[in-house]
Number of protein chains: 2
Amino acid sequence: MQTKQYLRQQLNEHGLRATPQRLIVLQILEQAERHLDAETISQIANIHDPYISLATVYRTLNKLKDVDLVSQLYFARDHKREYYEKVDKAEHYHFTCLTCGKVIEMQTKRINQAKDELAGEHGVAFSHTCMCFEGYCPDCAPKRSDLIHTITSQHTLNHEH
Amino acid sequence: MQTKQYLRQQLNEHGLRATPQRLIVLQILEQAERHLDAETISQIANIHDPYISLATVYRTLNKLKDVDLVSQLYFARDHKREYYEKVDKAEHYHFTCLTCGKVIEMQTKRINQAKDELAGEHGVAFSHTCMCFEGYCPDCAPKRSDLIHTITSQHTLNHEH
DNA sequence: TGCCTAGTTGCAAATCATTCTCAACTAGAA
DNA sequence: TTCTAGTTGAGAATGATTTGCAACTAGGCA
């Protein structure tokens, strides 16, 4: 549980005014156990203060993005809606199951390896990467026969082709 | 240059009716030298037939996506607008320069390696991956001192920090 | 400690890529 | 040639996000 003072400090250190609205939004993101979209953040914020407008939530999220306190991400198959998370977690990527909608967070060093190599190869400097995976989770994949070849390497099923 | 018959065949083989509108859209994508958005495809299509509506272009693109003749992608910083390309190219990823807007296509095996590993690790089956990079291209990166650390590994500049 | 102003807010309206509705049309199987 | 499920054009609808504007306020400065 973060004290209000801690939240205020985070904002000030990044050159943002610590308004009550921003403190609430930041606290929601600190305490979030899953990825939230602006609408949901707005609803939670309204429990604390029913007068925080959705527009302010959006403006706050954009400010927090600008100063890298928060990162914005998309989930596969729903690229219209943005989700947000606090950026103090380890590097990770998101996999969404097309059947049940579950989101699995995955970690790997290969992506950054790839970026390092590509940066060298092309002489570019990366600043941000957007990546999301979609497919079928262990519970849902076996039900899809057309994908069996993809999961057999895992489960050593008998199959032809 | 594809014959109309060839285009028609591609559509029929994928279970799609070969309407004049679809033939035009498919041909535009075949001949495209860069990534096009629906609006641009519609404008080009209207040169061939001024009565093709934007809605039909969208519907056609969605059909082509469904049957994997075309892939849809996003460029960094503009996740609002979708771009399309024919899917006969080798696996590649897109890097967009934040300064000049140039798009660089990059190839690497590491991403698929990562996916293979993650598929094994989590027992999932991947069906689609969305990925885009953003940063600064070789022409623009040197102008940004805050990114020098990222490019020194390439250019062995002297620098402190 | 109060003042001042650049930065913020709430509200409602605007934006804008994409999708949908529906009546008229048509590709292609029979 | 006929028939019908699939397709089209036009315009309206959708819906997440942004914006204009007038009222408010955080926080630096006197």
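Treat the numbers as computed from the prediction; the structure is a model and nothing was measured. A, B, ... follow the sequence lines: proteins, then strands. Residue 1 opens every chain.
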The correct set of residues in residues 33-42 of chain A placing a heavy atom under 4.0 Å from DNA chain D is none

Can you tell me the distance, in whole Å, between the CD atom of A:Gln5 and the P atom of D:dG27?
10 Å

Would you mind reading off the distance between A:Asp66 atom CG and C:dT8 atom C1', rounded to a whole angstrom?
15 Å

State which residue, out of A:Lys86, A:Gln5, A:Arg22, fulfils the side-chain hydrogen bond (donor to acceptor under 3.5 Å, both in side chains) condition with A:Gln10.
A:Lys86

A:Arg17, nearest nucleotide to its side chain (from C:dT9, D:dT25, C:dG28):
D:dT25

Distance, rounded to the nearest Å, where B:Tyr83 contributes OH and C:dT18 contributes C1':
14 Å

Indicate the atoms forming the closest heavy-atom contact of A:Ala18 with A:Asn12, along with that distance.
N-OD1, 4.0 Å

Length of the CG-C1' vector between B:Leu11 and C:dT26, whole Å:
15 Å

Between B:Thr19 and D:dG6, is there a side-chain N or O to OP1/OP2 distance below 4.0 Å?
no

Near DNA chain D, which residues from residues 43-62 of chain B have a heavy atom under 4.0 Å away?
B:Tyr51, B:Ile52, B:Ser53, B:Ala55, B:Thr56, B:Arg59

State whether the side chain of A:Ser42 and the backbone N or O of A:Ala38 hold a donor-acceptor pair below 3.5 Å, judged by distance alone.
no

Rounded to whole Å, how long is the line connecting atom CZ of A:Arg81 with atom C1' of C:dT19?
15 Å

Specify the closest pair of heavy atoms between B:Ile104 and B:Cys137, including all atoms of both residues, with the distance to one decimal.
CD1-CB, 4.2 Å

Could you check how far NZ of B:Lys63 sits from P of D:dT8, rounded to whole Å?
9 Å

Could you please name the option among C:dT18, C:dT8, D:dT8 that lies closest to any side-chain atom of A:Lys80?
C:dT18

Can you pull the side chain to side chain donor-acceptor pair (under 3.5 Å) pairs that have at least one residue in residues 62-73 of chain A, sequence neighbours excluded?
A:Asn62-A:Lys65, A:Gln72-A:Glu82

For a quick test of reading the model: is some side-chain N or O of B:Arg8 closer than 4.0 Å to OP1 or OP2 of C:dG28?
yes

Does the gap between the ring centers of A:His79 and B:Tyr74 come in under 6.0 Å?
yes

For B:Asn12 and D:dG6, give me the distance from atom CG to atom C1', rounded to whole Å.
13 Å

How long is the line joining CG of A:Leu16 and C1' of D:dG28, in whole Å?
16 Å

Would you give the length of the straight line joining atom CZ of B:Arg110 to atom CD of B:Glu117, rounded to the nearest 0.5 angstrom?
9.5 Å

Think B:Gln21 has a side-chain N or O under 4.0 angstrom from the OP1 or OP2 of D:dG9?
yes

Looking only at heavy atoms, what is the nearest atom pair of A:Leu98 and B:Ser127, with distance?
CD1-OG, 3.3 Å

Would you compute the distance between atom OH of B:Tyr83 and atom CD1 of B:Ile41 and round it to the nearest 0.5 angstrom?
11.0 Å

